[in-house]
Amino acid sequence: MLALLDGNNFYVSCERVFRPSLEGRPVLVLSNNDGCAISRSNEAKALGVKMGQPFHEFRHLEESAGLISLSANFSLYGDMSERMMSLAAGLGPTQEIYSIDECFVDLDGVRGDLTIRAHAIRARIQRWIGIPTCIGLAPTKTLAKLANHVAKDAERKPGSYPARHAQVCHLGALPQAEVDPLLAATGVGEVWGVGPRIGAQLREAGVTTALQLARLDPALVRRRWSVVLERTVRELQGTPCIDLDAAPAPKREIACTRSFGRPVRELSQLIEAISAFCARAAEKLRRQGSLAGCVQVFAHTSPFRPGPRWAKSLVVPLRRPTGDTARLTQAAVMGLKLIYEPGYDLAKAGVMLLDLCDGRIQQGELGLEDEWGRDRGPLMGAVDAINMRWGKSTIRQGSTGTARTRPDWAMRQARRTPRYTTDWRQVPVARA
DNA sequence: TCTGGGGTCCTAGGACCC
DNA sequence: TCTGGGGTCCTAGGACCC
């Protein structure tokens, strides 16, 4: 049996722990640049604010309905998440932390009444951390997600499901004759793995509820849709197809991207931004002990605004995999200079580290050395430690890309082939 | 005026090889 | 006039998740 535990309206709940006066009021947490809603209290949901909705569309509710909008504080949420997860781990022997606000727990071998146990863990998280949670229990991940959805709505929207399922819903403890009506009361779009696209196709085919989806023939679903949806159907039928992943593999790609608060036109501003993104991404890279083989850089205009559209990206392979901020930044800035065209209002840019490999094998011999073969591993380690202790960006990389222009031959070479390898040893590097 | 950020998995189709 | 077949690798794009 599996449990899915998640924090209700997680970011809003974190804010409320430290500002109890927000309790009972419509509260929102906004994304970067206060762009759009990323967490809503029940009261804010009742006002009709949608997930991901742009702020300017509902700003008037601050005046008219007492809506409170907060800028996101992600380090706070990360901290609260760690505490919540360590208590949630008490549910059973194996835990998979699935996202900042939810985890799966395998309850195999756990004795006693699982519903009572789940209620006890919920109460403990509420009491010790102050975060309200809901728990779904079922034999597969997809059903556990669905049970969790039932637990939430039974509490939040009285009448949607029987009230006894509020907060904790244990589908595995119910006879099929009681499970079916719950599935029948759940829209097909609520099922984990069914997004807007597939949801619309299913409804068009007359499949509108989770129960109808569960009763489709898996082979037909595979033919008409995909193996992914076939797995979803089987999981709804009670056959586990998606394993619990207790020790997630290191990330295969690492990104740092941002929308700009106001449009960016100048190359110099863009270089500043890209350099900062590289430093952040490289930090994440080193934290998981990896090296990157390529750097991808991109920028584009706003898809929402009128005016000329522009979007470009470029993958810059590195001569050797590296975790060194300076090298990664050099590569990204050079890529940026190659794709940059003046005259566009750019809304967003970013950096992605690709072709990641395990750095522990290669450290010292590859990667964290500078152009003269000196080992920069300790330097990067010290930079990370200082930023960890004193807050991010206490110490940061100067953007080496602005210090020297690259030799013309390299630029010409690079323009001929979009993917190219740069021999950084031939490139002069500015000294700090 | 104002529209998030960071991931994963799967598939189709082309290039290439024997 | 008649012009193979199958395997593998890579990439781009689509769909999904929170």
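Convention: sequence-line order gives letters A, B, ...; per-chain numbering from 1. Worth saying up front: this structure is predicted, and the values here are computed from it rather than measured.
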Checklist entry - Restricting to pairs with a member in residues 31-55 of chain A, which pass salt bridge (Lys or Arg N to Asp or Glu O under 4.0 Å), not counting sequence neighbours? => result A/R16-A/E43
Next on the checklist: Tell me the bend of the helix from B/dG5-C/dC18 to B/dC18-C/dG5 as the angle between end helix axes, each from five pairs, rounded to the nearest 10 degrees.
Outcome noted: 10°
Next on the checklist: Here's a test of your reading of the structure: between A/H56 and A/E253, which maps to the more 5' nucleotide of DNA chain B?
Outcome noted: A/H56
Item to check | side-chain hydrogen bond (donor to acceptor under 3.5 Å, both in side chains) between A/E235 and A/T239, intermediate numbers included | outcome: CA-CA 5 Å; A/E235 286 239 324; A/T239 309; over 6 Å; no
Checklist entry - What is the nucleic acid contact for A/R252, judged by heavy atoms within less than 4.0 Å: base, sugar-phosphate only, or nothing? => result sugar-phosphate
Checklist entry - Got a salt bridge between A/E96 and A/K141, using NZ or NE/NH1/NH2 to carboxylate O under 4.0 Å? => result yes
Checklist outcome for this item: The correct set of residues in residues 27-35 of chain A placing a heavy atom under 4.0 Å from DNA chain B is A/S31, A/N32, A/G35
Item to check | Electrostatic pair A/D345-A/R309, nearest N-O below 4.0 angstrom | outcome: no
Checklist entry - Of the residues in residues 194-233 of chain A, which ones touch DNA chain C at a heavy-atom distance under 4.0 Å? => result A/V194, A/G195, A/P196, A/R197, A/I198
Item to check | Nucleotide range of DNA chain B lying under 4.0 Å from chain A heavy atoms | outcome: B/dC2 to B/dT11
Next on the checklist: Any side-chain to backbone donor/acceptor pair from A/S313 onto A/F298? Under 3.5 Å, distance only.
Outcome noted: no
Checklist entry - How would you list all residue pairs meeting salt bridge (Lys or Arg N to Asp or Glu O under 4.0 Å) that involve residues 156-167 of chain A, not counting sequence neighbours? => result A/D153-A/R156, A/D153-A/K157, A/R164-A/E178
Item to check | Check ion pair A/D6-A/K152 (N to O, under 4.0 angstrom) | outcome: yes
Checklist entry - How would you label the contact of A/F304 with the nucleic acid (heavy atoms, under 4.0 Å): base, sugar-phosphate, or nothing? => result base
